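Step one of this worksheet: look at the structure below.
Whatever order the structure lists ligands and atoms in, that order sets their numbers, starting from 1. All of these numbers come straight from a predicted model, not from anything done at the bench.
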Amino acid sequence: MTRYIFVVGGVMSGIGKGIATASIASLLENRGYNVTAVKIDPYINVDAGTMNPIEHGEVFVTEDGLESDQDLGNYERFLNKNIYRTNYMTTGLVYKTVIEAERALKYDGKCVEVVPHIPEEVIRRIKLAAKKSKADFVLVEIGGTVGEYQNILYLEAARMMKIENPNAVIFVLVSYLPVPGNLGEMKTKPTQYAVRTLNSAGLQPDIIIARSSASLDEPRKKKLSIFCNIPAENIVSAPDVKSIYEVPINFEREQLTLRILKKFGLQAKRNGHTPWSKLIQKIARAKKEVKIGIVGKYFDTGKFTLSDSYISVIEAIKHASWAEGAIPKIDWLNAKDFETKPNAVKSLSGYDGIIVPGGFGSRGVEGKIKAIKYAREHKIPYFGLCYGMQLATVEFARDVAGMKNANSTEINPKTPYPIIDILPEQIKNLSEKNLGGSMRLGAYKCRLVKNTIALKAYGKPLISERHRHRYEVNNKLRDKLEKSGLIFSGLNPEKNLVEIIELKNHPFFVGVQFHPELKSRPFDPHPLFLEFIKAALRKK
Ligand code: GLN
């Protein structure tokens with residue numbers, strides 16, 4: 001029998017519901033069960049691929065090519081296994097499936113209604129994910145917070161599953177307890193309201209995870225227990241932590257795993273030693289710093305800086321740095337600044353390594369190219385991810401291979417040197433405006449060339465990495481670049497597409513057409529990030 005743990009949010013978003021879900025999943029797996037996690041996003045977008053990262057954070061691409069939510073990245077990193085497209089749904093996707101089924105007469109002439117047909121489709125998808133991964137436990141994280149209009153049909157689906165099999169479903173509420181500066185006291189009322197709201201949907205939380213800046217004390221635990229109708233032992237304190245990888249350790253300390261198992265009448269198959277403690281100790285021992293600049297554009301929202309847009313990149317930098325006994329200091333460098341302030345680029349000399357991550361469109365492109373030129377000329381380790389690889393090729397074409405005004409046709413369709421050009425199979429998609437889920441997506445193979453940084457890093461000639469792009473190095477112009485010294489160190493064996501570029505006579509100058517950050521795991525740092533960090537530490 002598969003057990004389902006619904007994780008819902010209270011009070012506000014962004015308090016670590018995804019990390020809580022991933023941590024619980026990891027802890028149950030650590031106790032000897034097979035666990036998977038499903039993310040539900042209540043918006044109309046069919047997937048996360050069409051959203052600006054500033055709106056929604058990073059688009060995480062799965063092995064099987066789904067453009068999904070960053071929480072799937074958290075699940076993969078915490079569970080140390082791949083999560084596939086069955087484990088993700090949005091309201092748009094659910095409705096699309098139901099409407100397509102209706103159009104195909106699959107409802108046998110019935111009136112198709114929001115309830116029960118939409119929740120039924122949600123349940124079908126959850127159970128499919130369970131079946132595909134043969135899971136003992138499925139964590140189902142419902143995005144947003146209870147009380148949001150968009151959430152209701154998912155809570156209804158959860159309620160229907162609970163009715164169907166009460167012993168197989170529990171609810172975890174991850175809620176926030178503010179400590180207002182002027183009061184200096186932790187307040188429980190917003191969480192009480194969140195529980196009431198959940199109650200009005202016919203649901204009672206079995207466990208409350210109390211997120212706050214500080215630990216929950218006894219008086220407040222009592223209060224929550226009485227007002228939220230839940231035994232105090234099932235209220236778990238979850239104060240802010242330095243590293244997200246401490247969360248499972250804290251949960252284990254609060255005996256959360258055992259409490260969850262008890263709810264289902266189950267026992268642990270293994271003891272509670274988690275691998276996370278070792279990692280945290282390793283981080284604590286790391287003393288040297290490595291200073292990395294990320295030159296991008298998806299981080300400003302008004303007065304605030306968003307790091308969610310590049311979350312996998314940040315995680316990958318951390319994993320590799322920790323493995324090398326270093327603590328990364330990561331700075332956000334706005335590409336636009338390098339365009340408007342000509343001298344700003346000199347500030348890059350203060351970095352041990354520079355990354356230009358993925359991106360789309362022309363905003364900030366010339367600034368990124370300036371940063372890449374600086375890194376190349378001043379021998380600062382450079383790692384280009386997808387757009388960062390394409391723009392490094394453009395910079396090399398312009399400044400080394402003498403191709404004046406070389407560009408990507410994404411930016412300038414009339415460039416005399418279309419160094420980066422649209423993939424042939426993408427031309428139709430663009431002209432027909434078929435833009436959702438239609439890029440070159442997911443895992444593709446790449447063959448590595450002898451005597452290259454790439455081959456040395458991976459230590460094997462055939463690799464596979466995840467992609468998300470429409471443009472590609474133009475094979476017609478490759479010769480000229482190669483003659484000028486650009487090395488194509490990784491190629492797709494089927495289509496002969498350039499997957500990796502690199503330079504000689506530079507401590508580390510590597511660009512990849514794929515997104516290696518998506519496959520980096522805390523216990524298994526990505527080989528190219530490792531080489532990059534090693535080079536950065538050497539520069540230091
Ligand atoms: N905009 C580029 C393309 O579509 C790069 C995409 C990316 O960085 N993910 O090919």
Side-chain angles (χ1 to χ4, degrees), residues 47-63 65-70 73 294-299 308-314 316 335 354-369 371-372 382-395 397 406-413 415 418-431 433-444 446 465-475 477 490 492 495 497-501 510-520 528:
D47 56 40
T50 54
M51 273 180 283
N52 187 320
I54 290 177
E55 288 272 322
H56 179 258
E58 165 191 275
V59 176
F60 189 83
V61 183
T62 57
E63 281 290 298
L66 174 73
E67 295 174 288
S68 73
D69 180 72
Q70 51 174 305
I294 300 183
V295 184
K297 66 170 178 179
Y298 300 123
F299 16 75
D308 268 8
S309 315
Y310 303 108
I311 180 138
S312 292
V313 178
I314 298 167
I354 291 160
I355 287 182
V356 173
F360 295 86
S362 54
R363 189 167 62 89
V365 153
E366 289 304 321
K368 289 179 188 175
I369 291 179
I372 295 168
Y382 173 75
F383 197 13
L385 313 172
C386 203
Y387 218 15
M389 171 271 206
Q390 297 178 352
L391 298 178
T393 313
V394 168
E395 191 277 321
N407 216 328
S408 163
T409 54
E410 179 176 354
I411 312 299
N412 176 10
T415 167
I419 278 296
I420 305 295
D421 201 5
I422 185 112
L423 284 158
E425 67 269 26
Q426 289 292 339
I427 296 171
K428 200 160 165 265
N429 285 337
L430 275 196
S431 67
K433 290 229 174 297
N434 169 27
L435 301 177
S438 64
M439 286 187 232
R440 182 171 181 248
L441 290 169
Y444 286 94
C446 166
E465 292 281 1
R466 297 186 198 171
H467 297 69
R468 180 176 186 243
H469 61 120
R470 277 186 221 284
Y471 295 80
E472 197 26 86
V473 172
N474 187 343
N475 275 346
L477 296 175
N492 172 266
K495 291 199 163 162
L497 301 174
V498 172
E499 296 280 12
I500 311 179
I501 61 157
V510 175
V512 292
Q513 182 54 77
F514 45 82
H515 289 275
E517 70 273 20
L518 302 176
K519 286 180 68 168
S520 177
L528 285 175

Can a non-hydrogen atom of Met439 be found less than 4.0 Å from any atom of ligand 1?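 No, Met439 has no heavy atoms under 4.0 Å from ligand 1.
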
Considering only heavy atoms of [X], which atoms of ligand 1 have at least one such atom less than 4.0 Å away?
X      : result
His515 : 9 (N)
Arg468 : 6 (C), 7 (C), 9 (N)
Gly358 : 8 (O)
Phe360 : 1 (N), 4 (O), 6 (C), 7 (C), 9 (N)
Glu410 : 1 (N), 2 (C), 3 (C), 4 (O)

So, Ser408 versus Gln390: side-chain donor-acceptor pair below 3.5 Å or not?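 Side-chain D/A pair, Ser408 to Gln390: absent.
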
Starting from [atom], find the nearest protein heavy-atom neighbour and note its residue, name and distance.
atom                    : answer
atom 7 (C) of ligand 1  : Cys386 SG, 2.9 Å
atom 5 (C) of ligand 1  : Gly359 O, 3.4 Å
atom 10 (O) of ligand 1 : Tyr471 N, 2.9 Å
atom 4 (O) of ligand 1  : Arg470 N, 3.1 Å

For Glu465 and His515, what are the C-alpha separation, side-chain angles and deciding distance, and is it a side-chain contact (heavy atoms from CB on, under 4.5 Å)? CA-CA 7 Å; Glu465 292 281 1; His515 289 275; over 6 Å; no

Value rounded to 0.5 Å, distance of OG in Ser312 from NZ in Lys519: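 With rounding to 0.5 Å, OG (Ser312) is 13.0 Å from NZ (Lys519).
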
If you take all heavy atoms of Val61 and Arg466, which pair is closest and at what distance?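 For Val61 versus Arg466, the nearest heavy atoms are O-NH1, 2.9 Å.
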
Show the numbers, then the answer: is there a side-chain contact (heavy atoms from CB on, under 4.5 Å) between Val498 and Asn475? CA-CA 8 Å; Val498 172; Asn475 275 346; 4.2 Å; yes

Are any side-chain N or O atoms of Asn474 and backbone N or O atoms of Pro418, one a donor and one an acceptor, separated by less than 3.5 Å?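 Indeed, once roles are kept as given, a pair shorter than 3.5 Å links the two residues.
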
Residue part near ligand 1, for Gln390, under 4.0 Å between non-hydrogen atoms: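 The side chain, only.
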
Are Glu499 and Arg440 within salt-bridge range, i.e. N to O under 4.0 Å?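 Between Arg440 and Glu499 there is a salt bridge, with a charged N closer than 4.0 Å to a carboxylate O.
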
Determine, step by step, whether Val512 and Leu385 satisfy the side-chain contact (heavy atoms from CB on, under 4.5 Å) criterion, reporting the C-alpha distance in whole Å, the side-chain angles of both residues, the deciding distance to 0.1 Å, and the verdict. CA-CA 5 Å; Val512 292; Leu385 313 172; 4.1 Å; yes

